[in-house]
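Read through the structure below, which is laid out as structure tokens, and then see the notes.
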Amino acid sequence: MDVVSGENSILNEENAPDNRQSPDHPQKNNNSPVGDTREAASRQTPSQQQVYLDVSLDGEPKGRLVIQLSGDAPVGAKRFAQLSQGLNGVGYRLSKFDGIAQGFIKNSGQRSLTYDATNISKVAGGDTVEELEAEMAESSHRHDASGIVSLIVKDTRTKLGKTKLVAYNGKLIRVEEPTPGESPNGSGFVITTQPAPDLDATNLVIGHVVDGMDLVQELTKLPTVKSNNSVFFKAAKTFGDKRADVAEKGFGRPFQKVLVSASGVLDS
């Protein structure tokens, strides 16, 4: 299979000229295999595309994951493909698998979806997750097996509010304030290692692993930061202690550095 990757991806169809051949007016290919490969990829629907993620562990290559994209979530699938190719310098290359939980491994994606001066993201769906949420509402795909790949659209962590005492009608009452937190931007993703139905409410299924599940299962065995279920930690969360929020983000993080060393789209 030939690899189609790089910043100048033909998946950025909005900014790319339409160089596809017409049956009535064929164009010369100038004996350019790269041009032919990119032209073929431009005609692929999401359900025909495969994305690869090369994984390293503490700098040592560990293997490749190949993901077949789904045609039932076109915006989400295209977003994942574009991020795999590093559209406009934003992508999965050098991103971390920073969460290993019972049922899935997690990659938090990118904090920002653009490094452009306009601050407007060009990835499918843009800066928000609104289109991804709409596809979630229509999707019939579920996290009912191992190897399911999905974008994180809603926060998977339970946020406890901060409680304070306020005076009301001459009495002191407890009022819970919402705890602000970072909302997902639709670039983070998970790969299931078993059925994980809880993810159906927060994630958009965009494909499944067709090669490399042995590597995924190997990653689940890495030692990680253990969660804290003590009453003291829960109390700190309840009262809005930011140190508890920071600590919680680290739960399930592997001690070793698991990186996406390279990524892109395969042309079959």
Side-chain angles (χ1 to χ4, degrees), residues 1-20 37-54 65-93 95 107-116 118-143 147-154 183-191 199 202-211 260 262-268:
M1 289 189 289
D2 296 325
V3 178
V4 184
S5 63
E7 181 175 340
N8 296 321
S9 163
I10 49 78
L11 283 176
N12 186 11
E13 297 173 351
E14 295 80 359
N15 298 324
D18 187 355
N19 293 324
R20 290 174 290 185
T37 300
R38 291 189 172 183
E39 186 175 325
S42 69
R43 292 193 295 266
Q44 289 181 316
T45 62
S47 61
Q48 295 173 315
Q49 286 183 328
Q50 290 186 342
V51 166
Y52 73 90
L53 304 173
D54 289 339
L65 306 177
V66 179
I67 298 163
Q68 180 76 49
L69 298 182
S70 169
D72 293 342
V75 175
K78 185 174 182 179
R79 189 184 188 92
F80 190 80
Q82 288 177 332
L83 289 170
S84 296
Q85 290 191 300
L87 179 67
N88 290 102
V90 182
Y92 290 132
R93 181 176 176 273
S95 64
N107 182 307
S108 293
Q110 295 291 341
R111 290 187 176 183
S112 175
L113 293 177
T114 179
Y115 297 111
D116 193 285
T118 63
N119 205 33
I120 299 175
S121 175
K122 295 181 181 179
V123 298
D127 297 296
T128 73
V129 295
E130 292 179 359
E131 292 188 54
L132 304 182
E133 289 179 335
E135 287 190 334
M136 276 184 63
E138 298 295 327
S139 177
S140 60
H141 289 289
R142 297 291 180 261
H143 298 79
I148 300 297
V149 182
S150 61
L151 291 174
I152 303 171
V153 179
K154 301 179 181 179
S183 297
N185 62 8
S187 69
F189 65 93
V190 305
I191 301 174
L199 295 177
T202 59
N203 290 23
L204 171 66
V205 175
I206 51 89
H208 63 281
V209 176
V210 293
D211 190 23
V260 175
S263 60
V265 172
L266 295 170
D267 175 46
S268 56

Sequence neighbours left out, what pairs pass side chain to side chain donor-acceptor pair (under 3.5 Å) with at least one residue falling in residues 128-142?
Asp72-His141

How close do Gln110 and Val90 get, heavy atom to heavy atom, and via which atoms?
CG-CG1, 4.2 Å

Show the nearest heavy-atom pair for residues Pro184 and Val129, with the distance to one decimal.
O-CG1, 3.7 Å

Close side-chain approach of Ile191 and Leu65, heavy atoms under 4.5 Å
yes

With sequence neighbours excluded, what pairs up with His208 under the side-chain hydrogen bond (donor to acceptor under 3.5 Å, both in side chains) test?
none

When every non-hydrogen atom of Ala73 is compared with those of Val205, the smallest separation belongs to CB-O, 3.8 Å

Where is the tightest heavy-atom contact between Ser84 and Ser263, given as atom of each residue plus distance?
O-OG, 2.6 Å

Checking Arg79 side chain against Ala124 main chain: does a donor-acceptor pair fall under 3.5 Å?
yes

Sorted by chain and residue number, the side-chain hydrogen bond (donor to acceptor under 3.5 Å, both in side chains) partners of Ser187 (sequence neighbours excluded) come out as Asn185

Would the distance check show the side chain of Gln68 and the main-chain N or O of Gly207 forming a donor-acceptor pair, the cut-off being under 3.5 Å?
no

Test your reading of the model: is there a side-chain donor-acceptor pair from Ser121 to the backbone of Leu113, 3.5 Å cut-off?
yes

What's the shortest heavy-atom distance between Asn88 and Lys122, and which atoms?
OD1-CD, 3.5 Å

Which of parallel (below 30°), tilted (30 to 60°) and perpendicular (above 60°) describes Tyr92 and Phe189?
perpendicular

Sorted by chain and residue number, the side-chain hydrogen bond (donor to acceptor under 3.5 Å, both in side chains) partners of Ser108 (sequence neighbours excluded) come out as Asp98, Lys106

For the CG atom of Asp211 and the CG atom of Leu266, what is their distance to the nearest 0.5 Å?
10.0 Å

